[in-house]
Amino acid sequence: MVPVTYEKLRELVSRTTVDIYEEMTPQVVQLIQKTKEDAALTEAQKQDEISLHLLGYVKSCTNEILIEVLAEILGLKE
């Protein structure tokens, strides 16, 4: 669907955002769980690692959202 109005573009981006975040959430949850269970890390190190995981998650999601929306608009196939 190629959006023809600002509102349709907003709907496309919002729908894609929800889909991407839901798709990628299990991966970040696994990373966070592994980090929490890592006995070799101090609590401060664990928090630092979790922060990095979350930053990477948001960045990855943002990239995927942009790619998906642009691909939809441009009619690109995988």
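For clarity, every value in this text was computed on a predicted model and none was experimentally measured.
Of all non-hydrogen atoms in Glu68 and Ile20, the two that sit nearest each other are CG-CD1, 3.9 Å. Taking both residues in full, the closest heavy atoms of Gln45 and Ala40 are given as OE1-O, 4.0 Å, listed atom of the first, atom of the second, then distance. Considering all non-hydrogen atoms of both residues, Val2 and Glu72 come closest at CG2-O, 4.3 Å. The minimum heavy-atom distance between Lys36 and Lys46, with the atom names listed, is O-NZ, 3.0 Å.
Val69 is not listed as a side-chain neighbour of Thr17, based on a closest heavy-atom distance of 4.5 Å or more.
Contacts of Leu31 classified as side chain to side chain contact (heavy atoms under 4.5 Å, CB included), with partners at least two apart in sequence or in another chain: His53.
To the nearest 0.5 Å, atoms CD (Glu7) and OG (Ser14) are separated by 8.0 Å. Remark: Leu12 CG to Thr16 OG1 distance equals 4.5 Å, nearest 0.5 Å. Note: Ile32 CD1 to Lys34 NZ = 12.5 Å, rounded to the nearest 0.5 Å. We find the CZ-OG1 distance between Arg10 and Thr5 to be 10.0 Å, quoted to the nearest 0.5 Å.
When hydrophobic residues (I, L, V, M, F, W, Y) are linked wherever their side-chain heavy atoms come within less than 4.5 Å, the members clustered with Leu74 are Leu76.
Linking Ile, Leu, Val, Met, Phe, Trp and Tyr whenever their side-chain heavy atoms come within less than 4.5 Å leaves Val58 and Leu52 in two separate clusters. One hydrophobic cluster holds both Leu54 and Met24 under the rule that ILVMFWY side chains link at heavy-atom gaps under 4.5 Å. Connection of Ile73 to Ile65 is established within a shared hydrophobic cluster, with ILVMFWY side chains joined at heavy-atom distances below 4.5 Å, either directly or through further cluster members.
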Stepwise side chain to side chain contact (heavy atoms under 4.5 Å, CB included) check, Thr62 with Lys59: CA-CA 5 Å; Thr62 301; Lys59 181 182 178 293; 5.7 Å; no

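For residues 7-33, the ring pair (Phe, Tyr, Trp, His ring centres under 6.0 Å) pairs, not counting sequence neighbours, are Tyr21-Tyr57.
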